[in-house]
J.: 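Dumping the structure here so I can ask a few things about it.
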Amino acid sequence: MKSFPPYRVQVVKAIPITTREEREEALARAGYNMFDLPANMVTIDLLTDSGTGAVSAAQEAGAAAADRSYAGSDSWFRFKSALEDLTSFPHLFPVHQGRAAERILFSTALKPGQISLSNTHFDTTRANVELAGAEARDLPCPEAADLDSRDPFKGNIDLGALEETLSGPDGSRVGQVLITITNNGGGGQPVSMANLKAVRALCDRFGVPFFLDAARFAENSWLIIQRENGYVGKTPKEVAQETFALADGFVASLKKDAISPMGAAIGVRDEQLAKQCEAILIATEGFRTYGGLGGHDLERVAQGLQEVVDPDYLRNRAEETAHFARLINEAGVDIVQPAGVHGLYLNAGRLLQHMPPHGFPGHALACELYLAGGIRCAELGSLYLGTFDDEHNLISPAPFELVRLAIPRRTYTLAHLEYVADVLASIAKNPESVPEYRVTHAPQLLRHFNLKLRQVPRTVS
Ligand SMILES: *Cc1c(COP(=O)(O)O)cnc(C)c1O
């Protein structure tokens, strides 16, 4: 039997409908940077699943009744107890969003010159490791390099490489192992419980702390139930509890799997580490019982954390993503296999085979989706991961040219996703007509947020 969303729509928001001419002008004015497009020029926004989920009536009821006391508010106790229920961490801190959690934990846990090892560091995560003076090193499993392979856990860390690094000449410099669930920088692929347990054992053996970047803990739990031996019949909550129990600490953006517009959390077991985090929290975010969040967001998180582990919700969300993946394949576009939950990653390099990496096929496809259909999404290719010289010429391309279509939670219907697949199909019919792009401005840190580009005019043949 087909699943259906375990909710109905109660409040709606109109979306902008634009003409191609208006979009051409808007994109040119934005310097062909998706992050500089005004949202009122975007029809379907698949830029991110962060803070873009639809909130529930129960979340808004909590928000309306929120307690805004500076210290010890009711809303804080609800936030804390929802997190305790899932994570059992003795020290929990609220912060305004995930990157603040990263900054506070890493500036405390990492020393300059140390190394952070990960399945893949997310972009702000990498930036905060580097701001702490440490090196962010990714060790994705070898299966991740084959975009077409249907290996169930391509988000895993490469255990062999992890052990080799920990026991090798750099071993003494490793300050943390950080596992991102699901692996957002790595195609949104899940990490298996077996992999997490093996990481725990290696961290014990080498005396290194094991942290989780747990933005999508519920979706990772769902995929473990679907794909890993021994988890059939477990609830997402039980799997999430088992996951968190393995770690020494976590950071989590609660704009993802807590379905909240804002919020994040830090959890640690070590009391000393907790004291240091708390001092930075109070100095830079807010008091330990609100951490830069209003009572309304503490409430939305507390309620969202309960809604997100509902198996009916997770089943329907995963099935919608899988359905979207089939439509895209039928449109003639390959994605990173197998489909995860929070987004699909298009293989733009394969679709735009004619285009050299320095024309930025991923970005070109993202721009075309906007120009043709008002759909906003982001490149994960050479623009994001390549290296450039001082004149903004691409020196070394990324291994893959991908485009991420992130799927906001509870926000779009299947008809919206079918429309996106239709637009993709129209592009896939004539990929040679998609123009190349050149970088005209690029900052050093977090380059892709602040890029400017120009379109290379197509020569008529
Ligand atoms: C979104 C995200 C972050 C950063 O969280 P923000 O709330 O956007 O600051 C960190 N890690 C991962 C894996 C994420 O997806």
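If you read the sequence from its start, that first residue is 1, and numbering goes on from there. Order of listing sets the numbers, starting from 1, for every ligand and every atom in it.
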J.: List, one per line, each side-chain donor-acceptor pair under 3.5 Å for residues 375-386, sequence neighbours excluded.
T.:
residue	atom	partner	partner atom	Å
Arg376	NE	Asp45	OD1	3.1
Arg376	NE	Asp45	OD2	3.4
Arg376	NH1	Met34	O	2.9
Arg376	NH1	Leu37	O	3.1
Arg376	NH2	Asp45	OD2	2.8
Glu379	OE1	Gly381	N	3.0
Glu379	OE1	Tyr384	N	3.1
Glu379	OE2	Gly381	N	3.4
Glu379	OE2	Ser382	N	3.1
Glu379	OE2	Leu383	N	2.8
Ser382	OG	Ala398	N	2.9
Ser382	OG	Glu401	OE2	2.5

J.: In terms of atom number and element, which parts of ligand 1 are under 4.0 angstrom from non-hydrogen atoms of Asn184?
T.: 15 (O)
J.: Within a distance under 4.0 Å of any heavy atom of Thr125, pick out the atoms of ligand 1 and give their elements.
T.: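 What qualifies from ligand 1 is 10 (C), 11 (N).
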J.: Give yes if a backbone or side-chain nitrogen or oxygen of Gly98 is under 3.5 Å from a nitrogen or oxygen of ligand 1, and no if not.
T.: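 There is such a contact, yes.
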J.: Given 3.5 Å as the limit, does a donor-acceptor pair link the side chain of Thr120 with the main chain of Asn183, or not?
T.: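 No.
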J.: Ignoring angles and geometry beyond distance, decide whether Gln97 reaches within less than 3.5 Å of ligand 1 through its nitrogen or oxygen atoms.
T.: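 Between Gln97 and ligand 1 (N or O atoms, distance only) the closest approach is under 3.5 Å.
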J.: Return the residue, atom name and 0.1 Å-rounded distance of the protein heavy atom closest to atom 14 (C) of ligand 1.
T.: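 Atom 14 (C) of ligand 1 sits closest to the protein heavy atom Lys256 NZ, 2.9 Å.
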J.: What residue and atom, counting heavy atoms only, is the protein's closest point to atom 10 (C) of ligand 1, and at what distance?
T.: Glu102 OE2, 3.0 Å
J.: Determine whether the side chains of Thr182 and Glu219 contain a donor N or O and an acceptor N or O closer than 3.5 Å.
T.: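 Short answer, no.
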J.: Any chance the rings of Tyr437 and Phe360 have centres within less than 6.0 Å?
T.: no
J.: Are any of the N/O atoms in Thr182 less than 3.5 Å from those in ligand 1?
T.: no
J.: Just to confirm my output: which protein heavy-atom neighbour is closest to atom 11 (N) of ligand 1, and how far is it?
T.: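 Protein heavy atom at minimum distance: Asp213 OD2, 2.7 Å.
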J.: So do Ile259 and Tyr313 actually touch side chain to side chain, heavy atoms under 4.5 Å?
T.: yes
J.: Flag Thr124 as yes when one of its N or O atoms lies below 3.5 Å from any N or O atom of ligand 1, and as no otherwise.
T.: no
J.: On the 0 to 90° scale, with breaks at 30° and 60°, tag the Phe250-Phe89 ring pair as parallel, tilted or perpendicular.
T.: perpendicular
J.: Sequence neighbours left out, what passes side chain to side chain donor-acceptor pair (under 3.5 Å) with His342? Give chain and number order.
T.: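 By the side chain to side chain donor-acceptor pair (under 3.5 Å) rule, His342 matches Asn184, Tyr345.
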J.: Ignoring angles and geometry beyond distance, decide whether Thr180 reaches within less than 3.5 Å of ligand 1 through its nitrogen or oxygen atoms.
T.: no
J.: Nearest protein heavy-atom contact for atom 9 (O) of ligand 1: which residue, which atom, what distance?
T.: Arg99 NE, 2.7 Å
J.: Near Lys255, which atoms of ligand 1 are under 4.0 Å from a heavy atom of that residue?
T.: 7 (O)
J.: Return yes if some donor-acceptor pair links the side-chain N/O of Gln59 with the main-chain N/O of Ser56 below 3.5 Å, else return no.
T.: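 Yes, because the side chain of Gln59 sits within donor-acceptor range (under 3.5 Å) of the backbone of Ser56.
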